[in-house]
Amino acid sequence: MPELDFILAGVGGQGIILAGDVLAEVGLRTGHDVKKSEVHGMAQRGGVVTSHVRWGKIVRSPLIEPGTAHFVLGFEALEAARAAHYLGDGGVAVVNRYRLPPPSVTAGQAAYPGDDEVEALITGRGATVAWVEAKTRASALGHPALAGVYLLGYLSATPVLAGSVPRDVWLAALERLVPETHRELNRRAFVEGRENAAG
Amino acid sequence: MSERDTVLLSGNEAVALGAYEAGVKVAAAYPGTPSTEILENLASYPGVYCEWSSNEKVALDGAIGAAYAGRRALAAMKHVGLNVAADSLFYAVYTGLGGGGLVVAVADDPGMHSSQNEQDSRQYARFARVPMLEPSDSAEARQYVKVAFELSERFDTPVLLRLTTRTSHSRSPVAVASAPAGVAGRGRPAVADPLPVPDPHARSAAAALAELAADPGKYVMVPGNARLRHPIVEERMAAVADWAETSGLCRTEPGDLKVGVVTAGVAYHYAREILPSASFLKLGMVWPLPRRAIADFASRVARVLVVEELDPFLEEALRLMGIEVEGKRYFPLVGELDPAAVRRGMAAAGLVAPAPSPCPPPTLPARPPVLCPGCGHRPIFYALRRLGTVVFGDIGCYTLGALPPLAALHTCGCMGGGLGNLQGALKALEFDASDVQAEDGTFRGRPVAVLGDSTFFHAGLPALANLAYNQGGGLVVILDNHTTAMTGHQDHPGTGRTLMAKTAPALDPEAIARALGVEQVATVDAYDLDAFLRTAREFLASRRPAVIVARRPCALKTRRRQRAPLVVAEACNGCGICLRLGCPPLLRDGEKVRVDPDLCTGCGVCVAVCPRRALTTEGGEG
């Protein structure tokens with residue numbers, strides 16, 4: 001089983017904590033030592049949320065060192081860019097095609113980076129980027145907050161993970177962590193995201 | 001139930017699990033990030049009384065009382081909460097607990113993710129003479145709680161359990177009895193090891209209290225008794241230090257003898273990751289220190305490095321022991337440690353190569369937290385800005401009123417601090433040669449104070465009594481959203497519900513203000529800008545003590561019950577006055593203003609602000 005480090009980055013209310021918990025649970029179920037850490041000062045009030053998830057033989061630090069992460073799961077484009085420096089050479093950024101301008105941008109005091117600038121920050125780390133229509137697809141499924149699980153589905157089908165973690169492990173972790181009333185929708189979001197990546 | 005399972009628990013969940021398994025009977029706390037989830041989790045275990053106390057001192061006094069009555073008790077708080085509770089900690093050290101174990105969990109916030117300062121609670125251990133344990137991950141957090149209770153009872157002392165944001169809020173594996181199906185290990189406790197935990201106290205609470213009553217020399221801290229207790233405290237700490245040598249809490253991990261790292265807490269993991277080859281002395285107990293074990297470790301390595309977060313606490317202690325040690329010379333005194341900071345320090349010490357390619361975070365537009373759409377605090381700050389008052393603030397979501405464009409909160413120091421500040425500022429103003437406000441007829445520059453409902457019950461009551469009695473003449477605005485919103489919606493004495501999910505008679509801030517001697521008390525709907533402005537002007541003009549309770553339930557709690565989003569009519573000329581509310585759904589769109597329907601709660605505050613009445617609720621009720 002590969003030792004992998006994941007950064008999940010986005011804005012409060014986007015389902016980052018749940019996605020991180022699922023990712024951590026999958027790590028545990030595939031025989032890893034796992035640590036997960038969140039940075040969310042006042043996240044519910046529109047602030048940044050970053051979650052670090054680490055799978056390893058023995059995981060020491062709950063935080064990932066910049067320049068070493070294998071994956072960035074970007075729930076929002078600006079926050080994916082902000083987390084890009086965590087990526088190591090050969091890393092992969094899976095980014096929701098969704099922009100949520102912060103107050104300084106809506107007030108006209110700052111510019112939201114273009115897709116090309118976001119990409120440059122990621123490729124500048126020697127990493128690749130995959131834009132995913134997660135917000136759009138999640139809204140179509142019934143709730144924008146499903147975007148996180150859709151992104152997880154996409155992530156699960158990227159080369160390293162597709163070959164090492166069976167689909168059923170992801171679905172079992174999801175089932176354990178999502179309340180029963182939301183299970184079916186989350187499952188559908190995951191499967192759609194996974195099929196999107198594979199197709 | 002015998003099957004073992006591994007679940008991922010946060011440090012706070014693990015503390016709750018450990019406390020439950022240790023047979024804790026009474027637990028009390030006031031919510032405070034990053035400590036809040038300890039009590040939230042503990043409350044879901046059977047057979048434990050848990051409460052949100054009105055503040056941390058009250059919580060600790062309650063836990064001390066339960067321990068006096070012979071039961072294991074826990075108090076939990078954030079680092080600044082321990083400042084509030086410090087008086088109680090110090091007397092409990094002198095009296096001891098008489099057999100009931102007392103653990104005080106205190107969660108520091110290095111890096112100030114959600115705090116007004118960063119302080120190192122280890123200093124309290126030395127200051128108050130209290131043993132302190134510091135876990136480095138969730139498994140240790142669970143284990144150390146149990147050790148802390150045993151230590152507390154064995155040495156008749158409170159024991160501090162130090163956590164940090166990183167240990168409290170990181171998840172790591174904990175082995176438990178078979179985990180339940182369904183949602184677990186996420187905001188809810190895993191199932192515990194099989195119960196019943198044998199109650200270590202055969203004594204009844206009544207018997208314990210009878211023993212206490214028969215021993216005034218131990219529990220009545222008048223000078224004559226306290227003078228006799230102080231030497232006992234010092235002897236106790238020497239005995240605990242001896243115990244620490246063989247406690248198993250201090251672990252040597254042999255490695256390269258050229259460098260020995262002395263460390264504790266989460267810093268241990270950072271250091272082991274960055275310098276895996278070194279020898280390590282990992283301290284589970286950070287006060288008092290196992291001096292012989294440390295001296296022995298130091299004598300076997302060529303160079304001693306201390307890696308610790310915040311203060312050079314261990315470093316200075318080692319230096320006083322005559323050990324040559326390096327620490328803050330390489331590692332930051334300020335802020336939270338992380339692997340990058342530890343690598344920089346190790347590189348500066350010549351022990352590792354610097355990071356191959358430095359990875360500074362990119363410069364991008366910041367995303368500060370903001371008051372939520374529909375938040376009842378927003379119109380009040382908008383109004384206060386219009387009045388031009390100087391606003392003494394407090395701790396809570398409403399501190400966000402300091403951010404532009406509202407920029408209508410001018411201080412934030414500690415819980416309840418604003419009310420005292422107001423009294424002093426008003427008294428100081430009386431010494432000015434001329435009264436500017438009296439001359440220009442406005443309230444520009446007039447000081448007022450704002451605080452939330454939970455903060456009012458926490459530390460506002462004595463300050464309001466003072467303001468009323470000493471006739472400060474100030475206006476206090478209680479921003480009542482009917483919850484402790486900032487920490488995630490905990491109940492308080494004004495909500496009518498307890499942590500044990502029982503109903504309770506809710507305290508009424510208006511009635512309390514009147515009872516404390518404030519004659520001018522008014523209630524306004526926080527969304528009613530005009531009513532607030534009218535009342536505030538009237539009260540400010542009177543120059544007598546006054547309280548306005550501006551009431552609206554927290555928008556995060558009522559989000560789903562709000563009305564349809566607003567629409568912008570043709571009449572909008574793009575003047576931008578509504579944008580001064582700083583409400584996230586209101587966006588500039590070329591020459592006009594646009595409303596993001598996904599974010600708008602339909603609160604309608606902006607309707608009253610728009611001079612052209614261009615914002616309307618014509619979408620009707622949703």
Side-chain angles (χ1 to χ4, degrees), chain A residues 11-12 17-18 20-21 24-25 27-28 33-48 52 59-68 78-79 81-87 89 100-113 121 125 144 175-180, chain B residues 6-8 33 112-114 137 165-167 169-173 179 181-186 266 268-274 276 338-340 342-343 355-362 364-372 397 400 403-405 485-486 488 556 579 582 584 586-588 598:
Chain A
V11 181
I17 308 296
L18 170 65
D21 283 345
E25 180 74 20
L28 201 62
D33 185 19
V34 173
K35 277 188 181 150
K36 172 183 186 257
S37 196
E38 281 140 24
V39 180
H40 54 101
M42 294 171 68
Q44 272 195 309
R45 284 96 192 128
V48 179
H52 295 224
V59 178
R60 299 283 183 192
S61 166
L63 292 174
I64 296 166
E65 196 176 357
T68 66
L78 173 61
E79 295 317 316
R82 206 188 305 282
H85 69 294
Y86 278 102
L87 282 163
D89 199 24
L100 188 62
S104 59
V105 171
T106 51
Q109 293 154 349
Y112 195 101
L121 283 166
R125 300 287 332 144
E175 185 162 319
R176 170 156 180 194
L177 292 164
V178 174
E180 199 175 344
Chain B
T6 300
V7 292
L8 290 166
T33 313
M112 294 172 275
H113 298 283
S114 317
D137 59 24
T165 299
R166 203 51 57 199
T167 43
H169 284 174
S170 292
R171 293 185 179 281
S172 55
V183 180
R186 180 169 177 271
V266 72
Y268 158 75
H269 291 293
Y270 301 142
R272 281 261 4 211
E273 178 154 321
I274 301 297
D338 59 25
V342 171
R343 182 181 299 282
S357 61
C359 309
L364 291 165
R367 191 187 296 278
V370 290
L371 290 173
C372 304
C397 285
L400 295 171
L403 299 176
M486 174 68 99
L556 276 178
L579 297 178
L586 289 171
L587 306 166
R588 181 165 283 291
D598 286 347

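Letters A, B, ... are given to chains in the order of the sequence lines, protein chains preceding strands, and every chain is numbered from 1.
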**Item:** Segment of A:Pro144 engaging chain B (4.5 angstrom heavy-atom cut-off)
**Value:** neither

**Item:** Selection from B:Arg166, B:Arg343, B:His169 maximising heavy-atom pairs under 4.5 Å formed with chain A
**Value:** B:Arg166

**Prompt:** Given that the side chain runs from C-beta out, which part of A:Leu28 has a heavy atom under 4.5 Å from chain B: side chain, backbone, both or neither?
**Reply:** side chain

**Request:** Taking the side chain as every heavy atom from C-beta outward, state whether A:Val59 and B:His269 have any pair of such atoms under 4.5 Å apart.
**Result:** no

**Item:** B:Arg171 side chain reached by A:Asp21 side chain, heavy atoms, under 4.5 Å
**Value:** yes

**Asked** So do the side chains of A:Arg176 and B:Val7 get within less than 4.5 Å of each other, counting heavy atoms only?
**Response** yes

**Prompt:** Is there a donor-acceptor contact under 3.5 Å from the side chain of A:Arg82 to the main chain of B:Pro365?
**Reply:** yes

**Message:** Could you tell me if the side chain of A:Leu100 sits less than 4.5 Å from the side chain of B:Arg367, heavy atoms only?
**Reply:** yes

**Validation row: A:Asp33, B:Pro173 side chains within 4.5 angstrom (heavy atoms)** = yes

**Item:** Engaged part of A:Ala83 at the chain B interface, taking heavy atoms whose separation is under 4.5 Å
**Value:** neither

**Asked** For B:Leu586, is it the side chain, the backbone, both, or neither that has a heavy atom closer than 4.5 Å to a heavy atom of chain A?
**Response** neither

**Asked** Picking from A:Leu63, A:Asp89, A:Val34, A:Leu121, which has the most non-hydrogen pairs under 4.5 angstrom with chain B?
**Response** A:Leu63

**Message:** Measuring from atom CG of B:Asp338 to atom CD of A:Glu65, what distance do you get when rounded to the nearest 0.5 angstrom?
**Reply:** 8.0 Å

**Item:** Part of A:Leu78 lying under 4.5 Å from any heavy atom of chain B
**Value:** both

**Request:** Report the option among A:Ala110, A:Pro103, A:Pro62 that has the most heavy-atom pairs separated by less than 4.5 Å from atoms of chain B.
**Result:** A:Pro62

**Request:** State, with a plain yes or no, whether a side-chain heavy atom of A:Ser61 is found less than 4.5 Å away from one of B:Tyr268.
**Result:** no

**Request:** Measure distances from B:Leu587 to the heavy atoms of chain A and classify the residue's part below 4.5 Å as side chain, backbone, both or neither.
**Result:** side chain

